[in-house]
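Below you'll find the structure, written out as structure tokens, and then a few comments.
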Amino acid sequence: MKHFLLVLFALFAFSISAAEKPNLVLIFIDDMGYGDIGPFGSKLNRTPNLDRMAKEGRKLTSFYAAPVCSASRAQLMTGCYAPRVGVPGVFFPAGRNGLNPKEHTVADYLKELGYSTMCVGKWHLGDQREFLPTRHGFDGYFGIPYSNDMGRTATGNGKRVHPLMRDEKVAELLEDEGQRRVTREYTEEAVKFIETNAKADKNFFLYLPHTAMHVPLFPHPDFVGKSKNGTYGDWVEEVDWSVGQVLKTLERLKIEKDTLVLFTSDNGPWASKGKAGGVSGPLRGSKGCTLEGGVREPTIAWWPGTIAPGTESAGIAGTTDVLPTFVSLAGGKVKKNIKIDGVDVSKWMIGKTETSPRNTWHYFRGTRLEAVRQGPWKLAITGQSLGMGIRQRDADLAKGGRLYNLEKEIGEKTNLATENPTIVKKLEEMAAQISEDIAANKRPAGTVQNPVTLYPSTGRKRPTKKPGKPAKPINWDKAKLGDTFTSASLPDIAGKPFTIQATVEIEPGKKANGIILAHGGSAVGYALYAKDGNLFFTVRLGQNAVQKIAFGSPEEKMEITASLTKEKLSIQVGEKSVEAKSHGLLSRHPQEDICVGHDDKNPVDAEAPSTRINGKLTDLKFSIGK
């Protein structure tokens with residue numbers, strides 16, 4: 001009898017455990033700022049559903065992502081910092097690379113644990129079929145697979161379109177105005193998925209990465225002109241409506257007490273877009289940078305009956321933690337043979353413990369670690385920008401070695417490094433450890449040999465510019481560190497050899513480090529810079545075509561000549577030189593600005609420093625031709 005009761009108790013305990021496995025809903029917004037919703041201080045945007053979600057749930061005020069779209073989504077799916085899985089930046093349509101199909105995603109884990117899985121919205125981890133959600137653990141997919149400003153011209157109608165996909169096929173080609181439907185259609189698809197699984201009494205994982213709030217802004221006509229904050233506010237309010245539809249559906253089906261809903265964003269607001277971008281609230285910085293405003297996200301967890309209402313925590317957590325946390329809540333375990341950076345924060349997230357098990361965060365931009373946080377202390381290791389497209393260069397951000405206490409000053413203004421050398425040293429050691437670990441244990445992105453667009457298309461047509469006042473040619477004799485010139489200030493260099501000359505005198509006892517000259521971005525361009533005492537000349541011939549040469553350990557005073565010809569790529573310093581066979585000349589003139597001592601917007605070389613050269617720059621010249 002005793003044995004029978006023990007067996008019965010064990011079976012009863014198992015049935016309770018199975019019933020307690022929650023449904024999981026992850027709502028992931030694009031480019032929403034920390035200060036864009038009511039629970040995080042917005043007075044402009046009306047967000048009654050998110051206000052309610054926070055009132056009934058738990059605000060997480062130190063939840064981190066990555067500075068840009070694809071990197072942030074890679075962290076979410078894999079539980080790894082983006083550089084570890086070969087996704088340092090942004091994927092483009094018809095690109096060769098995407099999230100490696102060999103990665104074990106959160107959807108893969110949950111599917112193995114018996115969950116129905118669905119992705120509705122912006123995927124942005126590669127648009128080739130090998131990289132789509134259905135190849136990464138999702139039973140189904142509906143959405144635009146990349147950002148809503150990446151359309152191509154369809155061969156069929158000659159119009160710029162974006163593909164709206166159903167699983168692995170293009171269901172419809174949307175012209176720009178057609179995007180006004182997507183938030184509503186995403187929401188309807190999400191509701192349908194919830195209803196189907198509730199009826200079948202099956203656990204589900206819904207991943208709802210919205211196209212909103214990415215530029216260009218396309219709120220539904222029902223919301224146009226309804227907010228107090230222009231088109232941006234209109235779309236925020238539609239997103240809030242969508243959140244409300246999800247919550248109301250869970251309640252209508254009486255499964256809200258069996259479902260965890262997590263709301264967050266992929267990176268900070270695109271502040272350089274002005275009124276079309278959001279705001280960071282009390283944080284400094286925006287999308288594309290590693291200041292708090294670029295990566296700290298407005299985050300809310302909601303699970304009625306489990307999460308105490310009206311609670312909040314400033315404990316550290318981030319997108320890398322979603323995978324191990326969701327797997328734990330679903331009753332599973334992360335595979336020990338796959339190295340990840342995430343931490344199971346489930347008990348803290350639902351309020352069962354007050355302290356987050358994570359006490360550190362590493363701030364990567366591209367492959368470069370720019371800052372590290374432990375507890376209240378954040379150390380900026382390198383110089384930092386204010387965000388993507390922002391030309392303002394604050395002097396205090398030019399160099400690394402800055403220490404901030406985020407608990408006392410969230411806005412990252414007061415450098416406390418001098419008063420706290422022990423803390424600086426400790427954080428520098430932590431930074432070195434993670435950099436070494438990722439270098440030794442990184443995995444490649446997926447690659448396809450012959451990528452194609454998802455629909456027949458022509459090359460992107462660039463708008464014809466009306467003849468205007470010619471740009472003033474650059475007076476190189478007066479060019480100095482910090483200067484920025486329009487690309488039109490330089491004669492067209494497409495298909496032409498060119499040479500950069502400069503004299504650089506490094507501060508005594510220092511290793512040369514920083515940008516000398518950069519022109520271009522992630523599509524085409526060139527950059528001359530020093531890093532850790534070595535000189536580099538990088539030429540970008542395409543999105544995935546980069547050639548780089550290095551000149552090791554130059555003297556403190558360097559008379560530099562860097563050249564690109566059809567035959568070779570070379571750097572000469574004094575009488576010594578290095579060269580390599582050229583992969584070709586630039587196919588077109590770079591569109592981005594010419595930058596002396598910095599590289600604004602999308603850098604030509606993601607591995608280059610973001611700071612200006614740490615020395616005196618003179619005799620800068622640029623010549624075209626042999």
Side-chain angles (χ1 to χ4, degrees), residues 18-19 21-28 70 73-79 85 98-146 163-172 182-211 242 245-246 249-250 253 255-256 258-263 319 322-335 338 446 454:
K21 286 171 56 175
N23 304 309
L24 298 162
V25 177
L26 175 58
I27 302 174
F28 205 51
S70 299
R73 291 155 209 274
Q75 292 184 177
L76 199 67
M77 287 294 107
T78 67
V85 291
L99 184 64
N100 198 318
K102 294 180 181 179
E103 292 294 339
H104 211 71
T105 69
V106 61
D108 285 319
Y109 277 106
L110 294 174
K111 188 172 183 177
E112 291 165 359
L113 291 167
Y115 279 65
S116 292
T117 57
M118 182 71 182
C119 175
V120 180
K122 174 183 172 179
W123 174 240
H124 212 175
L125 286 170
D127 70 335
Q128 301 303 287
R129 285 178 171 80
E130 293 86 342
F131 307 139
L132 291 174
T134 46
R135 305 295 178 97
H136 281 292
F138 288 97
D139 297 322
Y141 173 57
F142 179 76
I144 298 173
Y146 37 70
L164 182 64
M165 300 192 71
R166 170 77 64 183
D167 298 328
E168 296 185 3
K169 295 182 178 180
V170 175
E172 184 179 357
V182 296
T183 303
R184 181 158 296 189
E185 292 190 11
Y186 289 172
T187 306
E188 291 169 350
E189 194 73 24
V191 167
K192 180 181 176 182
F193 174 74
I194 293 169
E195 290 174 337
T196 299
N197 285 282
K199 185 177 180 180
D201 195 25
K202 187 171 184 181
N203 280 117
F204 59 84
F205 169 46
L206 169 63
Y207 174 42
L208 181 52
H210 278 282
T211 292
S242 175
Q245 294 301 299
V246 171
T249 298
L250 296 171
L253 298 171
I255 57 173
E256 77 277 11
D258 303 319
T259 306
L260 168 65
V261 180
L262 183 64
F263 175 95
T319 46
V322 169
L323 183 150
T325 298
F326 278 18
V327 170
S328 175
L329 288 169
K333 292 184 178 180
V334 174
K335 296 179 183 295
I338 301 177
L454 293 169

Any donor-acceptor N/O pair, Tyr109 side chain to Lys335 backbone, under 3.5 Å: yes
CD (Gln75) and CG (Leu323) are apart, to the nearest 0.5 Å, by 12.0 Å
Can Tyr115 and Leu24 be said to form a side chain to side chain contact (heavy atoms under 4.5 Å, CB included), step by step? CA-CA 9 Å; Tyr115 279 65; Leu24 298 162; 4.1 Å; yes
Evaluate the side-chain proximity of Thr325 to Leu262: yes if any heavy-atom separation is below 4.5 Å, no if none is. no
Heavy-atom closest pair (Ser70 atom, His124 atom, distance to 0.1 Å) is OG-O, 2.9 Å
According to the interplanar angle, ranging from 0 to 90°, do the rings of Phe138 and Trp123 count as parallel (below 30°), tilted (30 to 60°) or perpendicular (above 60°)? perpendicular
How far apart are the closest heavy atoms of Pro101 and Gly446, and which atoms are they? CD-CA, 4.3 Å
Search all heavy atoms of Ile27 against all heavy atoms of His210 and return the closest pair with its distance. CG2-CD2, 4.1 Å
Could you check Ile144 against Tyr186 for side chain to side chain contact (heavy atoms under 4.5 Å, CB included), going step by step and ending with a plain yes or no? CA-CA 10 Å; Ile144 298 173; Tyr186 289 172; 3.7 Å; yes
Mind checking whether Tyr146 and Pro163 have side chains closer than 4.5 Å, heavy atoms only? yes
Considering non-hydrogen atoms only, spot the tightest contact between Leu454 and Met165 and give its length. CD1-SD, 3.6 Å
Applying side-chain contact (heavy atoms from CB on, under 4.5 Å), name anything that partners Glu168, two or more places apart in sequence or on another chain. Arg129, Leu132, Thr134, Arg135
Evaluate the criterion side chain to side chain contact (heavy atoms under 4.5 Å, CB included) for residue pair Phe204 and Val25; output intermediate values, then yes/no. CA-CA 8 Å; Phe204 59 84; Val25 177; 3.9 Å; yes
Expected output: side-chain His136 to main-chain Leu99 donor-acceptor under 3.5 Å: yes
From Asp108 CG over to Met77 CE, what is the distance, rounded to the nearest 0.5 angstrom? 10.0 Å
Measuring from atom CG of Leu76 to atom CG of Leu26, what distance do you get when rounded to the nearest 0.5 angstrom? 5.0 Å
Rounded to the nearest 0.5 Å, the CG atom of Leu125 sits from the CZ atom of Phe131 at a distance of 10.5 Å
To the nearest 0.5 Å, how far apart are OG1 in Thr211 and CD in Glu185? 11.0 Å
Separation of Asp258 CG from Lys21 NZ (nearest 0.5 Å): 12.5 Å
For a side chain to side chain contact (heavy atoms under 4.5 Å, CB included) check, start with the C-alpha distance between Glu189 and Arg166, then their side-chain angles and the critical distance, and finish with the verdict. CA-CA 11 Å; Glu189 194 73 24; Arg166 170 77 64 183; 2.5 Å; yes
Only counting residues at least two apart or in another chain, list the ones meeting side-chain contact (heavy atoms from CB on, under 4.5 Å) with Asp139. Lys111, Ser116, Thr117
Is the shortest heavy-atom distance from the side chain of Asn197 to the side chain of Leu206 under 4.5 Å? no
If only atom types and distance count, is the side chain of Ser328 paired as donor or acceptor with the main-chain N or O of Pro324 below 3.5 Å? no
Closest heavy-atom pair and its distance - Lys202, Asn23: O-OD1, 3.9 Å
How close do Leu110 and Ala330 get, counting heavy atoms only, and between which atoms? CD2-CB, 3.5 Å
